Each structure stands twice: as C-alpha cells, then as structure tokens.
*Asks:* 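Mind looking over this structure? Questions follow.
All values reported here derive from a predicted model rather than from experimental measurement. Order of listing sets the numbers, starting from 1, for every ligand and every atom in it.
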Amino acid sequence: MIKINNLSKSFSDNLVLENITTTIEHGEVVAVIGPSGSGKSTFLRCINLLESPSSGQILLHEMDITKPKINKLEIRKNIGMVFQHFHLFPHMTAFENVMYAPMKVKHQKRGEAEKIAKELLIKVGLTEKMDTYPNRLSGGQKQRVAIARALAMEPEIMLFDEPTSALDPEMVKEVLDVMKDLAKSGMTMVVVTHEMNFAKEVADRIIFMDGGQLIEEGEPISFFDNPQTKRAGDFLAKVL
Ligand code: ADP
Ligand code: MG
C-alpha cells in the first residue's frame, strides 16, 4: 500500500531521518519503536504530509505523494492520525467532534454523518458520552473519541503517534483494546509506541529506529527475542 524509498528529512542542518526505506502492506500493523528523538514522529508526519521530506519518495498505491503538485488535503482524507495529546475540538461534544470532518471535508449529509458518528462512538465504548464536551472526559475517553473521529473519514490507513503516552496507567488498556479491535478488523496501522506488550502481541512487524535511521525491522517474536543489532539489543535491555 505504501512504499517508502530513501526518505530523508532535515530541519535546517539537522538530519532527523536518513534514507528510510520500507513498505507497509494492506492490512498490516506496524509498530515503530525507538528512543526519544530518533525520528519516529517525523517519520509518521512525513507519511501524511504534515512534513515535506527533504529527499526520497513515498508512494501510496504507486502514486508519488511527495511530488510538489500533489493535493495534500486529498491525500490526508485517506490517512487518519491520532496524536499523543488528542487534539479534540474543545467547543464541540464528542458526537460533534466525530461528525465534523466528514461533513466539512467530505460533504457528507448531516443524517449520514450522524449515523456513522453514532456507530463509531458505540464501537469505541462511548455510548454514554456522545453529548459530553472534551473537558468532561477522561484522557482515555478523549483518546477514544479521537480514534472515532479519525475513523469517521473512512481512512485506508491509521497512524498513531504514542496514543497512550499521555494517559494515566489505568486508562491505557481501554485505548489499546480499541486499537486491538481495529487491527483485528483488518485496518492498516502504523503505531509509534512505547507499549512493548502491545507491539509484541498486535503488530505484524516492528520497525526499530535510532538516530534517524531504520536500524532493524522484523517480526515481533524474532525482534524481541533475538534482535540482530547491538543498538536494538541495548534499547530492549532498557525498556523490557
Ligand atoms: P521521536 O518522535 O522519535 O521522539 P521526532 O521525530 O519528534 O523524534 O524528532 C526527531 C528529531 O527531529 C529531534 O532531534 C527533534 O528535535 C527534531 N525535530 C522534530 N521536529 C522538528 C521541527 N519541526 N523543527 C526542528 N527540529 C525538529
Ligand atoms: Mg515522537
């Protein structure tokens, strides 16, 4: 579905992604792990064109989306993103948060948007909270609204940037459970996470990054039990 060829990104003279090459298959769940500052967020942000790569290509169904004349908004409709800090619209209820983009960006009729929003909020376990504003929701509830909101656009792929890192420990599971269900339903997902158990259980593949480079990638079992590089081994020794 996505081919990434020699992707590099610099901020002025700071090279933060260096020659990343990988592919993401339809229906695959890829966990991206690595130390803070290794370029994980920048990698995700390049995929949905929140950052423009300095060099290299990103092909979405064979179409190079890094070309200057590409319609970024059109591409982003297909790519859902969930952030560490939720980014909900504070002046809208959970229900309105989920309905907003489909109506505004996809020109969905209100009735249709309401129907989909309701289904999604039920799916993420927030039947009771539809008419609640974000400031009255817990972190875990906010993140589940954010996931429902991204899904409302019916994206082909979902990107998650440390979706549970800002949550109190007792709320992590409710968000990971929603993500697990989504993975089971066949959604293509790229998840930056420090939740090693989630990566082990749910991901089809691990990408390990360090210093802006893709150091190692592989199936979770072999990666966690038998990392091939010293850098991955050292990282795992610290976090496991
Ligand atoms: P990670 O998500 O793995 O912690 P990031 O992708 O956020 O890493 O950051 C990688 C490096 O890029 C860091 O050194 C960070 O300071 C730098 N960086 C990220 N975004 C910007 C930006 N907008 N401007 C300048 N430097 C940035
Ligand atoms: Mg990050």
*Asks:* Closer than 3.5 angstrom, by distance alone: can the side chain of Q228 be matched with the main-chain N or O of N226 as a donor-acceptor pair?
*Replies:*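 Yes, Q228 side chain to N226 backbone: donor-acceptor pair under 3.5 Å.
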*Asks:* What residue and heavy atom of the protein are closest to atom 3 (O) of ligand 1, and at what distance?
*Replies:*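 Here the closest protein heavy atom is K40 NZ, 2.8 Å.
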*Asks:* Ligand 1 and G39, any nitrogen or oxygen pair closer than 3.5 angstrom?
*Replies:*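 By distance alone, the answer is yes.
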*Asks:* Would you call P35 a ligand 1 contact, heavy-atom distance under 4.0 Å?
*Replies:* yes
*Asks:* I need the single residue from H61, E62, Q57 that forms a side chain to side chain donor-acceptor pair (under 3.5 Å) with K3. Which is it?
*Replies:* E62
*Asks:* Just to confirm my output: which protein heavy-atom neighbour is closest to atom 9 (O) of ligand 1, and how far is it?
*Replies:* T42 OG1, 3.9 Å
*Asks:* Please find out if the Mg ion (ligand 2) and some N, O or S atom of Q84 are separated by less than 2.8 Å.
*Replies:* no
*Asks:* Give the atoms of ligand 1, by number and element, whose distance to some non-hydrogen atom of S36 is under 4.0 Å.
*Replies:*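 Close to S36: 4 (O).
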*Asks:* Look at atom 7 (O) of ligand 1 and say which protein heavy atom is nearest, naming residue and atom and giving the distance to 0.1 Å.
*Replies:*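 Nearest neighbour among protein heavy atoms for atom 7 (O) of ligand 1, to 0.1 Å: S41 CB, 3.7 Å.
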*Asks:* Where is the nearest protein heavy atom to atom 11 (C) of ligand 1: which residue, which atom, and how far?
*Replies:* V16 CG1, 3.4 Å
*Asks:* What are the atoms of ligand 1, with element, lying closer than 4.0 Å to any heavy atom of S38?
*Replies:* 1 (P), 3 (O), 8 (O)
*Asks:* Measure from atom 22 (C) of ligand 1 to the protein's non-hydrogen atoms and state whether any distance is below 4.0 Å.
*Replies:* yes
*Asks:* List the closest protein heavy-atom neighbour of atom 1 (P) of ligand 1: residue, atom name, distance to the nearest 0.1 Å.
*Replies:*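 Result: G37 N, 3.5 Å.
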*Asks:* Which pairs count as salt bridge (charged side-chain N to carboxylate O under 4.0 Å, His left out) when at least one residue sits in residues 8-19, sequence neighbours excluded?
*Replies:* none
*Asks:* Any salt bridge between K115 and E119, counting N to O under 4.0 Å?
*Replies:* yes
*Asks:* Which residue and non-hydrogen atom of the protein lie closest to atom 16 (O) of ligand 1, and at what distance in Å?
*Replies:* N14 ND2, 4.9 Å
*Asks:* For the residue pair F208 and F223, categorise the inter-ring angle as parallel (less than 30°), tilted (30 to 60°) or perpendicular (more than 60°).
*Replies:*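 The rings of F208 and F223 sit tilted, inter-plane angle from 30° to 60°.
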*Asks:* Looking at ligand 1, does G34 have a heavy atom less than 4.0 Å from it?
*Replies:*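 No; G34 lies far enough from ligand 1 that no heavy-atom distance drops under 4.0 Å.
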*Asks:* Side-chain contact, heavy-atom cut-off 4.5 Å: M63 with I75?
*Replies:* yes
*Asks:* Considering non-hydrogen atoms of the protein only, which is the closest contact for atom 27 (C) of ligand 1, and what is the distance?
*Replies:* F11 CD1, 3.2 Å
*Asks:* Any side-chain heavy atom of T42 within less than 4.5 Å of one from F11?
*Replies:* yes
*Asks:* Once salt bridge (charged side-chain N to carboxylate O under 4.0 Å, His left out) is applied, what residue pairs with a partner in residues 215-237 remain, sequence neighbours excluded?
*Replies:*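 Qualifying pairs, neighbours excluded: R205-E217, D210-R231, K230-D234.
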*Asks:* In Å and rounded to the nearest 0.5 Å, what is the CG to OG1 distance from L214 to T22?
*Replies:* 6.0 Å
